[in-house]
Amino acid sequence: QVQLAESGGGLVQAGGSLRLSCAASGGTFSSYFMAWFRQAPGKEREFVAAISWSGTRTYYADSVKGRATISRDTAKNTVYLQMNSLKPEDASVYYCAAGPRDDVYYAYYTTRRYNYWGQGTQVTVSS
């Protein structure tokens, strides 16, 4: 069983940057496919970015492509999300998620792909 703990959220001005971290414990980190989702009030949880177990493949939502970078550090059991040029519409609670290394049933951008979730970290963007 994997436990995930996000950190790094906060208040940032539009155009600014944040780096979110997700520390994993209780499992074999290198065997998990990892992702970030976000959820704004009254909206469904939406995919932001994902990274394969090896770190060689990354995926991004169109809304953040070119502004976000997902990465993982196996030695630290941590996955990161660097967000640049933040916009007010990026404001959300950001969740880290872990899923099986390979999954033939669910796509990386669906919540069903992931078995474990963190508690979330709030990102607020002021205009």
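With hydrogens and angles disregarded, no donor-acceptor distance shorter than 3.5 Å links the side chain of Thr56 to the backbone of Ser54. In this structure, the side chain of Arg101 does not engage the main chain of Trp53 through any donor-acceptor pair within 3.5 Å. Distance alone, capped at 3.5 Å, is enough to place a donor-acceptor pair between the Arg72 side chain and the Phe29 backbone. When atom types are taken as modelled, the side chain of Glu6 and the backbone of Gly120 share a donor-acceptor pair closer than 3.5 angstrom. In this structure, Arg113 contributes its side chain and Pro100 its backbone to a donor-acceptor pair below 3.5 Å.
Note that the CD atom of Glu46 and the CD atom of Gln39 stand 9.5 Å from one another [nearest 0.5 Å]. To the nearest 0.5 Å, atoms CD (Glu89) and OG (Ser127) are separated by 10.0 Å. In this structure, Arg67 CZ and Leu86 CG are separated by 6.5 Å, a value rounded to the nearest 0.5 Å.
Nearest heavy-atom pair across Thr78 and Ser21 is CG2-CB, 4.2 Å. Nearest approach of Ile70 to Ala50, heavy atoms of both residues: CG2-O, 3.5 Å. When every heavy atom of Val2 is checked against every heavy atom of Ala24, the shortest pair comes out as CG1-CB, 4.2 Å. Pairing each heavy atom of Cys96 with each of Val79, the nearest pair is SG-CG1, 3.8 Å.
Between Tyr60 and Thr69 the shortest side-chain heavy-atom distance falls below 4.5 Å. The closest side-chain heavy-atom distance from Val123 to Leu20 is below 4.5 Å. Residues Trp117 and Arg45 form a side-chain contact, since some pair of their non-hydrogen atoms from C-beta on lies under 4.5 Å apart.
By the side chain to side chain donor-acceptor pair (under 3.5 Å) test, Gln122 pairs with no residue at all, sequence neighbours left out.
For CD of Gln119, the number of neighbouring non-hydrogen atoms (other residues, nucleotides, ligands) closer than 6.0 Å is 12 at most. The neighbour count for Tyr109 OH, taken as heavy atoms of other residues, nucleotides or ligands under 6.0 Å away, does not exceed 12.
Taken together through direct or relayed side-chain contacts under 4.5 Å among Ile, Leu, Val, Met, Phe, Trp and Tyr, Tyr95 and Val64 form parts of separate hydrophobic clusters. There is no path of hydrophobic side-chain contacts, each under 4.5 Å, that joins Phe47 to Met83. Hydrophobic cluster membership is shared by Tyr94 and Tyr116, with clusters built from Ile, Leu, Val, Met, Phe, Trp and Tyr side chains linked at under 4.5 angstrom. The same ILVMFWY cluster, assembled from side-chain heavy atoms under 4.5 Å apart, contains both Leu18 and Val48.
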- Would you sort out whether Cys22 and Trp36 count as a side-chain contact (heavy atoms from CB on, under 4.5 Å), showing the intermediate values? CA-CA 9 Å; Cys22 172; Trp36 287 94; 3.7 Å; yes
- Decide yes or no on side-chain contact (heavy atoms from CB on, under 4.5 Å) for Arg112 and Asp103, but give the supporting numbers first. CA-CA 10 Å; Arg112 289 187 175 187; Asp103 190 322; over 6 Å; no
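Note: Tyr114 and Phe37 meet the aromatic proximity criterion, with ring centroids under 6.0 Å apart.
With respect to Arg38 and Asp90, a salt bridge is recorded, a charged nitrogen being found less than 4.0 Å from a carboxylate O.
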